[in-house]
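Proteins come first, then strands; the chains are lettered A, B, ... in the order of their sequence lines, and each starts at number 1. Computed from heavy atoms alone, side chains included, the values below leave out hydrogens, waters and symmetry copies.
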There are 2 protein chains.
Amino acid sequence: MKVSKEQSSANRQAILETAARLYRERGIGGVGVAEITREAGFTHGGFYGHFDSKEALAAEACELAFAAPLARLNATLEKHEGDATPYITNYLRTQHRDKPGEGCPMPTLAIDAGREPGLVSDAVTQGISGYLKAFASHRPDGSVTEAPEAADKARAVVVLSALIGGMVLARATSSAAPALSDEILAILQEELSTFWKNG
Amino acid sequence: MKVSKEQSSANRQAILETAARLYRERGIGGVGVAEITREAGFTHGGFYGHFDSKEALAAEACELAFAAPLARLNATLEKHEGDATPYITNYLRTQHRDKPGEGCPMPTLAIDAGREPGLVSDAVTQGISGYLKAFASHRPDGSVTEAPEAADKARAVVVLSALIGGMVLARATSSAAPALSDEILAILQEELSTFWKNG
DNA sequence: TGTACATCAGTGAACGCGCGTTCACTGATGTAC
DNA sequence: TGTACATCAGTGAACGCGCGTTCACTGATGTAC
């Protein structure tokens, strides 16, 4: 049965949001088109009316998955006058570790992006650039720059790498060594905040 | 046709090594039992004479994938009297980025380990602990300790997180933004070496 | 505003394919005599 | 040392299943009059 144009584009959006969540939880290869459409409330037959292929969906879902977290980073930096430590502390919470579907897409999707070139790789690279730009354009002293210098870029790369790597390690160890997992997060909260302020 | 015991256990080892390589390249979910056995020179029918299941192979392959890199880390630390900077610089080479199958298992397998509890998760957690212990027991001044203090653990966690996260980022961006990918590695080589020495 | 009909969003069965796993079979290995 | 035979490592066909994708169909939407 047909459905109104508004309803149809809302349905498309529902599929996209479901995909963005499931892909972050289990990776792009780990979730099928049928499961995504079912979870969004539909059958899989109508999927190709909305998207050209699974890869096209994955690319759009990656963009969507980056949008909110990146906006949140910029908002947090704005609010705290360039101080990234609240963002760092928040990123490294156990709640973020335990709910990958609603968090930062990088610790899961960046690995998928690295496997082969394509739309997903492009979208993720775009997202990573956005994150780096956001960090690099804010200095610990609160000033904002449009043209980050080497030291600004360096600070951004170190902090972002450690956030992502730390989250990957915390998630990998959370079931077999929960105390270690918590410790990794706690140490990084402290160390990266210090690093952000003192270089 | 039957085969001698020595040959059979060599065949088992060949399957294991092939798996350790392919899993690092494309993730555990991205490679099938048939492809692994074929690449190792056999048909897939004999697989279950060597391993109970794909998961059992994956767990053993993870252990194997950690063994050589971890031994190399300890050897390098030994050789350079606790100075981790040669290891850091070597880890962050473009060659390592471009050949995941022969390198550190963490940037690929730690994500698989984080998805669900099980044998793989246990093996990877073991490997991560080994890496952290190796880093933490060596101090920048060249001394070695069996009981790392908070500062030693902190240094280990930051360096390992940034190594892994940096490699994930470098691999994700290498096809869509190769210059950025190279820059990430170069920055981290410099910054993490400095961090190791100066805290 | 009301009616007749073309459009097309979503359904559900079907496609070929590769997955992990099983199994009857083969024939070289290795043991018993 | 030589022969007869049980063992069992590896083969290749087959299993049920879920994958991405296609398609004839349905029936509400939205347009033409």
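Other residues, nucleotides and ligands place more than 12 heavy atoms under 6.0 Å from the CD atom of B:Glu17. Within a 6.0 Å radius of CD in A:Glu78, other residues, nucleotides and ligands contribute 12 heavy atoms or fewer.
Between A:Val3 and A:Val31, the residue anchored nearer the 5' end of DNA chain D, judged by the nucleotide with its closest heavy atom, is A:Val31. Between B:Glu6 and B:Gly32, the residue whose closest nucleotide on DNA chain C is further toward the 5' end is B:Gly32.
In summary, the side chains of A:Gln7 and A:Asn11 do present a donor paired with an acceptor at a separation below 3.5 Å, with no hydrogens or angles considered. When only modelled atom types and interatomic distance are considered, B:Ser181 and B:Arg97 share a side-chain donor-acceptor pair under 3.5 Å. B:Ser121 and A:Ser175 share a donor-acceptor pair across their side chains, judged by distance under 3.5 Å alone.
Whole-Å rounding puts the B:Lys5 NZ to D:dG10 C1' distance at 17 Å. In this structure, B:Leu57 atom CG and C:dT21 atom C1' are separated by 14 Å, rounded to whole Å. As a whole-Å value, the separation of A:Asp52 CG from D:dG20 C1' is 14 Å. Nucleotide C:dG10 holds its P atom 11 Å from the CZ atom of A:Arg12, rounded to whole Å. Atom OH of A:Tyr48 is separated from atom P of D:dC23 by 12 Å (rounded to the nearest Å). One atom, CZ of B:Phe51, and another, P of D:dA9, lie 13 Å apart when rounded to the nearest Å. C:dT22 atom P lies 11 Å from atom CZ of B:Phe47, rounded to whole Å. Spacing between atom NZ of B:Lys54 and atom C1' of C:dC19 amounts to 8 Å, rounded to whole angstrom units.
Across all strands shown, B:Phe42 has heavy atoms under 4.0 Å from sugar-phosphate atoms exclusively, and none from any base. Residue B:Gly45 is in base contact, counting any heavy-atom pair closer than 4.0 Å across all strands shown.
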Could you go over nucleotides 3-8 of chain D and give all protein N or O partners under 3.5 Å, atom names and distances?
| residue | atom | partner | partner atom | Å |
| --- | --- | --- | --- | --- |
| D:dT7 | O2 | B:Lys2 | NZ | 3.2 |

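For B:Val33, the listed nucleotide lying nearest its side chain is C:dT21; candidates were C:dG10, C:dT21, D:dG10. When distances run from any side-chain atom of B:Ala34 to the nucleotides C:dC19, C:dG10, D:dG10, the shortest one goes to C:dC19.
Listed for the A:Asp152 side chain is a donor-acceptor partner under 3.5 Å among the backbone atoms of A:Glu149.
Pair check for C:dG16 finds D:dC19; Watson-Crick or G-U wobble, both atom distances under 3.5 Å. Partner assigned to C:dT1 is none, using Watson-Crick or G-U wobble distances below 3.5 angstrom. With both pairing distances under 3.5 Å, C:dC25 is matched to D:dG10 as a Watson-Crick or G-U wobble pair.
Using a 4.0 Å cut-off between charged nitrogen and carboxylate oxygen, B:Glu191 and A:Lys153 do not count as a salt-bridge pair. Electrostatic pairing of B:Glu60 and B:Arg12 counts as a salt bridge here, judged by a charged N lying under 4.0 Å from a carboxylate O.
Scanning atom types as modelled, one donor and one acceptor separated by under 3.5 angstrom connect the side chain of B:His44 and the base of C:dT21.
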